[in-house]
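In what follows, a structure is listed as structure tokens, so that the remarks can point back to it.
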Amino acid sequence: MGRHVTEAGVRRYRSVFISDVHLGTRGCQADLLLDFIRHMECETLYLVGDIVDGWKLRSGWYWPQAHNDVVQKILRLARKGVSVIYVPGNHDEVVRDFIGVHFGGVVVARDAIHETADGRRFLVTHGDDFDAVVQHAKWLALLGDWAYRALLASNTMINRVRRRLGFGYWSFSAFAKTRVKKALQFIENFEQAVADEARRRGVDGVICGHIHKAESRMIDGIAYINDGDWVESCTALVEHADGRLEILEWPKVRASLAAAKPIGLAEPLAA
């Protein structure tokens, strides 16, 4: 399947990677994710962790219909023959107790090796194993999660006002992160650690999530790709029929569709 737009506006890909959906939280952009799923077809779908936010659900239940619809859509893809591979993260770590189990056609895996159509091999992992705070100071990670949700709440309020004024979606939280020096240093350290693990595994690159920052770049000969998230940037990684990998920023793609103009997509990662 290559990138192809049908009369219904559906794009076809060989593989699709999404992570950090955080179903069960108010910051989850479930409607945008549903819209993306309706506009794509693929052979393989990777769920790269933090799909459901177990941390938040333990402290209070929040599960609107749109979140249920996301789960149903994914299960429907599996029933229609899409290979769905679920690599859990730290927020849905309870799913790691079911490695190797099939749920309605969805296969749970600790991590995975994905081979692209052009023969490159990628380690697929959520990435929390390479976050020292998550691994060694869980209490600090929980505190940071609370602060992050507060930031997302402000993000939601800002976008509610923007919609009333006729403006499109904009991530205040993502903007704030790019302006904080310590956050940038954390991201750089994380990216280097994940790339080092890919090198140790003898693969060509790594596909991960966790830090909510979509990225595609080379790190010392290793292709580092982060598929982003669905609470801030609303991004997905897609693989075309020839093996090219490309990050889609769905709000921008959707805005282009709505305006009936040529769709400007991110430059694919060179082989």
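- Note on Phe36: it clusters hydrophobically with Val82, by side-chain heavy-atom contacts below 4.5 Å among ILVMFWY residues.
- For Glu115, there are no salt bridge (Lys or Arg N to Asp or Glu O under 4.0 Å) partners two or more places apart in sequence or in a different chain.
- Val21 and Val94 fall within a single hydrophobic cluster, where Ile, Leu, Val, Met, Phe, Trp and Tyr side chains are chained together by heavy-atom contacts under 4.5 Å.
- In this structure, a donor-acceptor pair under 3.5 Å is present between the side chains of His210 and Asn90.
- Taken to the nearest 0.5 Å, the CD atom of Glu246 stands 3.5 Å off from the NE2 atom of His240.
- When all heavy atoms of Gly205 and Ile222 are compared, the pair lying nearest together is CA-CG2, 3.8 Å.
- Panel note: side chain His39, backbone Val10; no donor-acceptor pair is recorded below 3.5 Å.
- Pairs of residues two or more places apart, or lying in two chains, that qualify as side-chain hydrogen bond (donor to acceptor under 3.5 Å, both in side chains) and include a residue from residues 72-86 are Tyr86-Asp92.
- Using a 30° and 60° split on the angle between ring planes, Tyr46 and His114 fall in the perpendicular class, above 60°.
- For the side-chain contact (heavy atoms from CB on, under 4.5 Å) test, residues two or more places apart in sequence or in another chain that qualify with Ala193 are Phe130.
- Salt-bridge check for Arg96 with Asp128: passed, with a basic side-chain N closer than 4.0 Å to an acidic carboxylate O.
- Cluster annotation: Val108 is connected to Leu23 through the hydrophobic network of ILVMFWY side chains, with a link wherever side-chain heavy atoms come within less than 4.5 Å.
- Note that the CG atom of Leu33 and the CD1 atom of Ile18 stand 5.0 Å from one another [nearest 0.5 Å].
- For the residue pair Tyr13 and Glu239, the shortest heavy atom distance occurs at CB-O, 3.5 Å.
- Contact detail for Gly243 and Ala117: the closest heavy-atom pair is N-CB, 3.7 Å.
- Remark: the backbone N or O of Thr235 is paired with a side-chain donor or acceptor of Trp230 at under 3.5 angstrom.
- Across every non-hydrogen atom of Ser216 and Ile225, the tightest pair is OG-CG1, 4.2 Å.
- The side-chain contact (heavy atoms from CB on, under 4.5 Å) check on Val101 picks up Phe98, Phe103, with sequence neighbours excluded.
- A donor-acceptor pair under 3.5 Å is formed between the side chain of Ser19 and the backbone N or O of Gly228.
- Partners of Ala78 according to the side-chain contact (heavy atoms from CB on, under 4.5 Å) rule, which considers only residues two or more places apart in sequence or in another chain, are Val84, Val106.
- Judged by distance alone, with hydrogens and angles left aside, the side-chain atoms of Glu215 form no donor-acceptor pair with the main-chain N or O of Tyr224 at under 3.5 Å.
- Hydrophobic clustering (side-chain heavy atoms under 4.5 Å, transitive across Ile, Leu, Val, Met, Phe, Trp, Tyr) keeps Leu34 apart from Tyr62.
- Ser233 and Pro251 make their closest contact through O-CD, 3.7 Å (heavy atoms, listed as atom of the first residue, atom of the second, distance).
- Residues Val70 and Leu57 fall within the same hydrophobic cluster, defined by Ile, Leu, Val, Met, Phe, Trp and Tyr side chains chained together at heavy-atom separations under 4.5 Å.
- Leu248 contributes atom CG, which lies 8.0 Å from atom CG of Leu237 (distance to the nearest 0.5 angstrom).
- Rounded to the nearest 0.5 angstrom, His126 NE2 and Cys208 SG are separated by 8.5 Å.
- Asp129 and Arg110 are joined by a salt bridge, as a carboxylate oxygen and a charged side-chain nitrogen come within less than 4.0 angstrom of each other.
- The distance from the CG atom of Asp20 to the NZ atom of Lys213 is 14.0 Å, given to the nearest 0.5 Å.
- Side-chain atoms of Leu77 and Met40, non-hydrogen and from C-beta on, do get closer than 4.5 Å to each other.
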Side chains of residues 195-204: which donor-acceptor partners sit under 3.5 Å, not counting sequence neighbours?
unit_1	atom_1	unit_2	atom_2	d
Asp196	OD1	Gln192	NE2	3.1
Asp196	OD1	Arg199	NH1	3.0
Glu197	OE1	Arg200	NE	3.0
Glu197	OE2	Arg200	NH2	2.7
Glu197	OE2	Arg201	NE	2.9
Arg199	NH2	Ile219	O	3.4
Arg199	NH2	Asp220	O	2.9
Arg201	NH2	Asp111	OD2	2.8
Asp204	OD2	Arg121	N	2.8

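- Listed here is the closest heavy atom pair of Ala109 and Ile99: C-CD1, 3.6 Å.
- Counting heavy atoms from C-beta outward, Lys56 and His22 have side chains that stay 4.5 Å or more apart.
- For the atom pair Phe17 CZ and Ile247 CD1, the distance stands at 11.5 Å (nearest 0.5 Å).
- Looking only at side-chain heavy atoms (C-beta outward), His67 and Asp53 stay at 4.5 Å or farther from each other.
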